[in-house]
Amino acid sequence: MSTSDAPERRTGVTRRAVLTAGGVAAVGAVVASTHGAGASTDSASSIPFFGKHQGGIVTPAQGHLALGIFNVAASDRQELKRMLADWGRAAQRLTVGLPLVETYDGSYPPSDTGEALGLGAANLTLTFGYGPSLFNDRFGLSSRRPKVLVDLPAFDGDELNPAFTAGDLCVQACADDPQVAFHAIRSLARLGLGTVELQSLQLGSGRTSATSSEQRSARNLLGFKDGTNNLRGGDSALLKRWLWVGARDDQQWMTGGTYLVARRIQMNLSTWSSTPLKVQESVIGRKRSSGAPLTGEREHDKANFEALDPHGFPVIPLGAHIRVAAPETNGGVHLLRRGYNFIDGVDERTGNLNAGLLFLCFQRDPVKQFTALQGDLARSDNLSQYVTHVGSGVFACPPGLGSNDELGASLFD
Amino acid sequence: MLAALALVTSAMLLTDCGTTAHMAVRTTTTIAGKVPSRAEQAAALFATTSYRRQVVQAAEGFTTSVTELDGALRRGDRQAAIRAWAAAQGSFDLLRPVLLGGPASSATYDGQLLGGSKTRGKGLHAIERALFQGPLSDGLAAMPDLKAAGPQLVIGLFRTIIQPSGVAVNQVHALGFLADHVIANAQERVSHRDLIDVLAILHAVRGGLDALRPLANLVDPTQLAKTSRGLDQADALLSMVPASSTDAQVPGPVWARLGRLVAVLQFDFGQLAGSIAGYSSGRYYA
Ligand code: HEM
């Protein structure tokens, strides 16, 4: 029996038992354990789980990411439905800083793995998404597939590793504490044992985007400020146009939802860090120190893509990343970028760092937004010589839940 | 670094880096510099002229090899086709970093000329499959694109300005391809002859260094010596392995040691680029 945790009265560690033991009704209040030790919700640092939209999209980007990609092992539609509902209930607890259960029976392996006990909610958000493969014949969902939810095409330069590519389900856990984010994915994976299998768990630390106007831009591993010209939570008109699925888009159950594109992008850091600063700046189109465009002085100065130098060359080169990616050169297309740096040891063949960007972006239509933009970037972005896309996935993220809703119900009903 | 050179040669100075066609003009806001000596001017000119010659030769070599490859495939002469394919690979390895300053991205050139996940059945990798897995005639499908690539290469080259420091940066990029795309993640996945690329890239890098040698010798002999030593070490390491070896025949520790040497070489070429920044001959490649 555990010495520090309260003894558990229930027996067994089934998913249902775990969740009923904790009691979803208790979320938002102080939950007393059988020993009265109590586990309190952490309202000071929690992001509401219920709402019109899922958390983790326009939520100010937290410091850490754990991205779990799952494949469904079960062939039974009801089993999948039940598991998603259980995930939703678990998410309610985790996002207020509660463990999966309050009490433990020392005769059993503990139902909550315990590594986040006492860490609070740390602004945890859990964002759930469904991959195109979930809508094949297995679960009778093909008529529910949104038109724009199709596998991303191959782009020039892609060197995709199957381990980081596609997937039936994804869960983006973001938090200000890496262990809280990790614990959330680990807990969901355990709850889903037998129904889903974890295909990959990618950890990111250090947000590379600001998603609210209060946040300062962070730097990516190339050393440049990232997220300067990003969609922000306050840009309501742009969010309506470019982020949220509208009522007139093809699948009603997605209204208020959005699509996540996740790309694992390896950075060729040894090459980048041996490249002169001026070349680096011309590749990005911005100054490294201030983040200002090459035509400006301050970070948020508007880039002037028309400006020429005295010799008649564009000051922001034709292949500069910001020129190729900017809405001005892409029919106004915006993305909400919400990426994280990843650092994953050393490549044993070269001794170089295995590191890069987990590029995550949300949008209303991945075909017209990410795919169109990435097609252009692959064709003419000077940054492509320094990066390699090694993982890829697209997921439909349904709208947020009301307090009586079950995760996944709208998909099946 | 020759900081104030732009003052005296502003007409010639288009960029101090040269890998990208449209880069900001060099400014003179840092430490006061000096007027280049005649010897330095001559060495700068030698650097760009000599490198340009290598690039033009590689572009011509690519076209010639592609023509030979086409002929050999049509004749069904596998051995001649393999020789021509390896030569075309080698030429592309030299051209690749130069092309990065042109109108298309590295991903596009690689997709078109090497073949990638988007461009299956195209490029030199499709030829490789035909040569080593057969049938030979499959290679013919990739030929029209490769033949068309010749003129496109020239367009890419035309747009690019060459400067001595840009020659050094090109070697950083060539070595980057070697590390990240050849050593870490084999290129020739059918023939397993990645050594072809390794040797071709190191040969091209040596050519780049030779072009820079007189200028670097005047400006930063210590850095030149260090860079040369690194390249010699890489060559010495590879001299222990027969050039015809397959990837598996190259011992793991040799790959690992090569990877580390390449990282050091990248760093050294980056430093060299800084040392010779500002010296310019204002030449275009083609
Ligand atoms: C490792 C890969 C990448 C790195 C290091 C990177 C880095 C940057 C940086 C430093 C900026 C300038 C600051 C800013 O406005 O955020 C930027 C801008 C941008 N990037 Fe990327 N990026 C990468 C990949 C991508 C990809 C794959 C896309 C989309 C397909 C993308 C889309 C954009 C957009 C839309 C902008 C804003 C352009 C503007 O309006 O100024 N980036 N990126």
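Only a predicted model underlies this, so the values are computations on that prediction, with no experimental measurement involved. Per chain, numbering begins at 1; letters A, B, ... match sequence-line order.
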| note | Note: vs chain B, highest number of non-hydrogen pairs under 4.5 angstrom among Ala320(A), Pro153(A), Ser270(A), Gly351(A) is Ser270(A)
| By a 4.5 Å heavy-atom criterion (distance strictly below it), what part of Val262(B) contacts chain A: side chain, backbone, both, or neither? | neither
| Are Arg189(B) and Asp194(B) within salt-bridge range, i.e. N to O under 4.0 Å? | no
| message | Would you call the rings of Phe359(A) and Phe370(A) parallel, tilted or perpendicular, taking 30° and 60° as the class edges? | response | tilted
| field | Residues of residues 321-334 of chain A contacting chain B, heavy-atom criterion under 4.5 Å, by residue number | value | none
| Does NZ or CZ of Arg264(A) come closer than 6.0 Å to the centre of the six-membered ring of Phe342(A), within 45° of the ring's axis? | yes
| Salt bridge between Arg206(B) and Asp235(B), side-chain N to carboxylate O under 4.0 Å? | yes
| field | Residue, of Leu377(A), Thr350(A), Thr275(A), Asp381(A), that accumulates the most heavy atom pairs under 4.5 Å with chain B | value | Thr350(A)
| request: Identify which one of Thr388(A), Val387(A), Thr271(A) satisfies the side chain to side chain contact (heavy atoms under 4.5 Å, CB included) criterion when paired with Asp180(B). | output: Thr271(A)
| Test: Glu281(A) and Arg286(A) ion pair at under 4.0 Å | no
| field | Verdict with supporting geometry, Glu128(B) and Gln89(B), side chain to side chain donor-acceptor pair (under 3.5 Å) | value | CA-CA 10 Å; Glu128(B) 180 202 7; Gln89(B) 280 279 4; 5.9 Å; no
